[in-house]
Amino acid sequence: MKNKLFSEFSIGDLKLKNRIVMAPMCTCECKNKDGLINDFHMVHYGSRAIGQVGMINIEATAIEERGKITEYDLALFNDTQANKLKNLVSMIHSFDCKVGIQLAHAGRKGYDNENLISSSEIAFSNEYEKPKVLSLNEIDKIIDKFVYSATLAKNSGVDMIEIHAAHGYLINQFISKLVNTRTDEYGGNLENRFRFLKRIILGIKSVFNGSLWVRISVDEYDDNGTSMEEFLKMCQWMKELGVDVIDVSSGGVIDVKPKDIYAGYQVKKASIIKEKVGINVAVVGFLDDEKLCEYLLKNDNTDLICLGRPLLFNPHWAYKAAKNLREDEFSYYNNAYERGKNI
């Protein structure tokens with residue numbers, strides 16, 4: 001029996017053996033505060049590759065020191081970090097698994113409270129200082145840093161780069177009118193608020209010919225936030241700029257938690273983007289039930305399933321899913337792992 005969850009997914013030169021993607025999840029395991037991949041990351045990501053996910057999207061990786069969410073985050077802005085990434089990518093590829101990396105900047109939600117930056121001088125919460133407003137020249141430099149990190153990622157062999165424009169981090173701080181109060185070409189109307197992300201997309205496209213994804217927070221949990229109509233317009237622009245996949249998430253822009261969380265709670269808006277814009281979407285959010293994942297794929301609600309906590313709990317989630325869906329064509333890593341399928 002061939003389930004869509006275990007069918008191939010192709011866009012351009014990117015070909016995944018199945019529709020299961022490990023979502024980017026911060027592990028905060030750079031205990032030396034150097035942003036370097038270490039033994040933990042090799043085991044952490046290697047075990048999920050052996051677990052037969054189609055692609056691993058490496059956790060939020062800072063493009064500069066003040067871009068880290070915590071001081072223990074991964075980073076990619078020097079050759080030492082890039083060489084470590086290259087080793088990780090090579091190892092994951094050896095297990096027949098594709099690799100993406102999420103490039104990010106925390107902005108006003110960074111760990112370094114004395115060096116916070118943002119689109120505007122508005123603190124995220126009482127726990128954070130007010131950020132410094134980026135000048136036009138400083139915006140140019142941040143864009144250059146995204147492009148440089150993308151160049152390092154390319155040289156490390158990644159198959160995909162995801163721009164983190166969600167969860168209230170720096171790019172999201174430009175997109176959202178809840179945060180962005182600028183009066184120059186980066187503030188005000190939607191086209192201006194999109195300009196920062198647009199320039200990052202164009203910059204990365206100029207140095208990287210692999211698959212480009214963007215993660216967005218499509219719900220800001222505030223009636224005065226970015227509307228669905230505005231998100232649809234931005235997704236259309238991103239499609240025209242050559243973005244392959246919109247990775248749909250929500251929240252994080254302001255200090256408000258979602259009121260209603262349930263399995264697949266972010267699917268509806270992802271489905272709207274897919275239908276209205278005609279772009280590939282990936283969806284995340286309490287998708288541990290493989291039967292629900294199969295249903296969403298077969299009903300064309302999404303193109304890819306991103307798993308976060310399910311893969312943290314069980315690196316071999318795909319094995320469980322294949323067994324429960326009676327997937328006859330599923331390929332275990334080797335015979336030794338296949339022996340465990342009947343337990």
Side-chain angles (χ1 to χ4, degrees), residues 9-17 21-24 26 30 34-38 41-42 44-46 48-49 53-65 67-68 73-105 140-166 169-171 196-215 238-247 279-280 282 304 306:
F9 173 81
S10 297
I11 182 165
D13 293 331
L14 179 66
K15 293 178 174 58
L16 308 185
K17 62 188 176 186
V21 176
M22 182 179 183
C26 292
C30 298
D34 51 14
L36 294 175
I37 286 164
N38 55 47
H41 300 99
M42 301 294 281
H44 175 64
Y45 290 115
R48 276 76 188 173
V53 301
M55 184 169 71
I56 288 170
N57 192 357
I58 296 171
E59 63 200 85
T61 303
I63 62 155
E64 65 169 358
E65 183 62 33
K68 292 181 180 179
D73 286 358
L74 286 177
L76 186 60
F77 50 80
N78 63 47
D79 289 340
T80 304
Q81 294 161 349
N83 288 334
K84 292 289 187 179
L85 174 63
K86 187 174 184 178
N87 292 337
L88 175 61
V89 171
S90 177
M91 183 269 292
I92 294 173
H93 279 160
S94 74
F95 294 129
D96 188 29
C97 181
K98 300 298 184 182
V99 189
I101 188 168
Q102 186 186 70
L103 298 182
H105 196 299
D140 290 342
K141 290 179 179 178
I142 293 291
I143 293 168
D144 288 344
K145 289 180 179 182
F146 267 100
V147 175
Y148 181 63
S149 293
T151 301
L152 294 177
K154 172 193 173 182
N155 294 340
S156 299
V158 302
D159 305 290
M160 181 274 282
I161 289 175
E162 179 173 274
I163 300 170
H164 198 351
Y169 298 122
L170 183 59
I171 298 173
F196 185 49
L197 173 56
K198 176 182 178 179
R199 291 189 61 199
I200 292 171
I201 291 170
L202 290 172
I204 291 177
K205 291 283 289 184
S206 73
V207 299
F208 179 69
N209 59 5
S211 189
L212 184 61
W213 298 17
V214 176
R215 172 168 271 197
M238 285 189 271
K239 178 183 177 183
E240 293 167 0
L241 291 170
V243 172
D244 292 323
V245 175
I246 302 296
D247 183 0
I279 192 170
N280 293 287
L304 295 158
C306 290

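Numbering of residues begins at 1 and proceeds along the displayed sequence.
Taking CG from N87 and CG from N38, the interatomic distance works out to 12.0 Å, rounded to the nearest 0.5 Å. Considering NZ of K239 and CG of N280, their distance stands at 9.5 Å, rounded to 0.5 Å. In this structure, CE in M22 is found 5.0 Å from CZ in R48, a value given to the nearest 0.5 Å. Atom CG in L212 sits 11.0 Å away from atom CD1 in I200 (nearest 0.5 Å). With values rounded to the nearest 0.5 angstrom, I204 atom CD1 is found 8.5 Å from S149 atom OG. Taking CG of L88 as the start and OH of Y45 as the end, the distance is 7.5 Å to the nearest 0.5 Å.
For the pair L241 and L202, the minimum side-chain heavy-atom distance is below 4.5 Å. Under the 4.5 Å side-chain criterion, counting only non-hydrogen atoms from C-beta, L304 is not in contact with M55.
For the pair M91 and M42, the tightest heavy-atom approach, listed with the atom from each and the gap, is CE-O, 3.0 Å. Residues A165 and I171 approach most closely at CB-CG2, 3.6 Å, considering heavy atoms. Taking both residues in full, the closest heavy atoms of A104 and A60 are given as CB-CB, 4.1 Å, listed atom of the first, atom of the second, then distance. The two residues L16 and G54 have their closest heavy-atom pair at CD2-O, 3.9 Å. Annotation for I11 and S211: closest pair CG2-OG, 4.3 Å, computed over non-hydrogen atoms. When every heavy atom of P24 is checked against every heavy atom of E162, the shortest pair comes out as CG-OE2, 3.8 Å.
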Residues C97, V53; criterion side-chain contact (heavy atoms from CB on, under 4.5 Å); working and verdict: CA-CA 7 Å; C97 181; V53 301; 3.8 Å; yes

Quick one: do I58 and V99 satisfy side-chain contact (heavy atoms from CB on, under 4.5 Å)? Show the steps, please. CA-CA 7 Å; I58 296 171; V99 189; 3.7 Å; yes

So L76 and I63, side-chain contact (heavy atoms from CB on, under 4.5 Å) or not? Walk me through it. CA-CA 6 Å; L76 186 60; I63 62 155; over 6 Å; no

Would E59 and L74 count as a side-chain contact (heavy atoms from CB on, under 4.5 Å) here? Give the steps. CA-CA 8 Å; E59 63 200 85; L74 286 177; 3.5 Å; yes

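With sequence neighbours left out, H105 forms a ring pair (Phe, Tyr, Trp, His ring centres under 6.0 Å) with no residue at all. When the side chain to side chain donor-acceptor pair (under 3.5 Å) test is applied to D34, no partner is found at least two apart in sequence or on another chain. Under the side chain to side chain donor-acceptor pair (under 3.5 Å) criterion, K86 pairs with no residue, sequence neighbours left out. Evaluation of the side chain to side chain donor-acceptor pair (under 3.5 Å) rule for K68 yields E65 as partners, not counting sequence neighbours. Residues passing the ring pair (Phe, Tyr, Trp, His ring centres under 6.0 Å) test with F196, sequence neighbours excluded: F174.
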Do any side-chain atoms of residues 140-148 form donor-acceptor pairs under 3.5 angstrom with protein atoms, and if so which ones, sequence neighbours left out?
unit_1: D140; atom_1: OD1; unit_2: R199; atom_2: NH1; d: 2.7
unit_1: D140; atom_1: OD1; unit_2: R199; atom_2: NH2; d: 3.2
unit_1: K145; atom_1: NZ; unit_2: E64; atom_2: OE1; d: 2.5

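If you run side-chain contact (heavy atoms from CB on, under 4.5 Å) between D159 and each of I92, L14, I56, only L14 comes through. Checking V207, N57, V214, L103 one by one against I161, the side-chain contact (heavy atoms from CB on, under 4.5 Å) holds for a single residue, L103.
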